[in-house]
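All values below come from the heavy atoms of this structure, side chains included, with hydrogens, waters and symmetry mates left out. Numbers here simply count residues along the sequence, with the first being 1.
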Amino acid sequence: MSFTFKAIDHIQLAAPKGSEEEARNFFIKVLGFKELEKPENLKKRGGVWFGFANYQVHIGIENPFSPAKKAHPAFEVENIHLLKDHLRNNNIHYIEDDNLPGAERFYMDDPFGNRLEFLEWK
């Protein structure tokens, strides 16, 4: 093939109308992402963008909204046990999953019910 995939530019998750502040609280205060400035011409659509390292997570407004229960992004984490401690200290529920050989991982929902996976390769 004459083309090459280089990276995933961003992940988009959906959220209900008016949920930007709740998204900020979760993705910035709980997960430690940074908010990214949306281009001016996209701001009118609502939603909010976040980033960490070279990755972006876009929260887009969907009406009517339905959370992604099976489809999900997976975030590779260093020191996953410290993330679990942090989530427990913030009363955030997660589900352990030991079905992927060589990885410690868990699932949780964002505030809107979208499934998120976190894993650390051993």
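Residues Lys34 and Phe52 have side chains not in contact (no heavy-atom distance under 4.5 Å, counting atoms from C-beta outward). At a threshold of 4.5 Å between non-hydrogen side-chain atoms, the residues Ile92 and Met108 count as touching. Contact annotation: the side chain of Trp49 never approaches that of Ile59 to less than 4.5 Å [non-hydrogen atoms, C-beta and beyond]. Residues Phe75 and Val57 have side chains in contact (heavy-atom distance under 4.5 Å, counting atoms from C-beta outward).
Residues Ser19 and Pro16 come closest through the heavy atom pair OG-O, 2.6 Å. Between Pro111 and Glu22 the shortest heavy-atom distance is CB-OE2, 3.4 Å. In plain terms, the two heavy atoms of Gln56 and Leu36 that are nearest each other are CG-CD1, 3.4 Å. When all heavy atoms of Ile28 and Glu35 are compared, the pair lying nearest together is CD1-CB, 3.9 Å.
When the shell of 6.0 Å around CG of Leu82 is examined, it contains more than 12 heavy atoms from other residues, nucleotides or ligands. Within a 6.0 Å radius of CG in Asn54, no more than 12 heavy atoms belonging to other residues, nucleotides or ligands are found. Environment of OH in Tyr55: sparse, with no more than 12 heavy atoms of neighbouring residues, nucleotides or ligands closer than 6.0 Å.
Sorted by first and then second residue, the pairs that involve residues 7-29 and meet ring-ring contact (aromatic ring centres under 6.0 Å, His included), not counting sequence neighbours, are His10-His58, Phe27-Phe33, Phe27-Phe50. A ring-ring contact (aromatic ring centres under 6.0 Å, His included) check over residues 81-104, counting only residues at least two apart or in different chains, returns the pairs Tyr94-Phe106.
Both Val30 and Leu83 belong to a common hydrophobic cluster when Ile, Leu, Val, Met, Phe, Trp and Tyr are linked at side-chain heavy-atom distances under 4.5 angstrom.
Annotation for Ile61: hydrophobic cluster partners, listed by chain and number, are none (ILVMFWY side-chain heavy atoms under 4.5 Å, direct or chained). Hydrophobic cluster membership of Trp121, counting Ile, Leu, Val, Met, Phe, Trp and Tyr whose side-chain heavy atoms lie under 4.5 Å apart directly or via other members: Leu100, Leu119.
Judged purely by atom type and a 3.5 angstrom limit, Asp110 uses its side chain to pair as donor or acceptor with the backbone of Gly113. The main-chain N or O of Ala15 is never found under 3.5 Å from a side-chain atom of Glu62 such that the two would form a donor-acceptor pair.
The pair Lys69-Asp109 meets the salt-bridge criterion, since a charged nitrogen lies less than 4.0 angstrom from a carboxylate oxygen. Taking 4.0 Å as the cut-off between side-chain N and carboxylate O, Lys84 and Glu104 count as a salt-bridged pair.
Note that CZ of Phe112 and CG of Leu13 are 9.5 Å apart. Values are rounded to the nearest 0.5 Å. For the atom pair CD1 of Ile80 and CG of Asp85, the computed distance is 11.0 Å after rounding to the nearest 0.5 Å. One finds the CD1 atom of Ile11 at 11.5 Å from the CG atom of Asn114 (value rounded to the nearest 0.5 Å).
The side chain to side chain contact (heavy atoms under 4.5 Å, CB included) check on Asn25 picks up Lys29, with sequence neighbours excluded. Contacts of Lys43 classified as salt bridge (Lys or Arg N to Asp or Glu O under 4.0 Å), with partners at least two apart in sequence or in another chain: Glu37, Glu40.
Tested against Arg105 for a side chain to side chain donor-acceptor pair (under 3.5 Å), the candidates Glu76, Glu96, Glu117 yield a single pass: Glu117.
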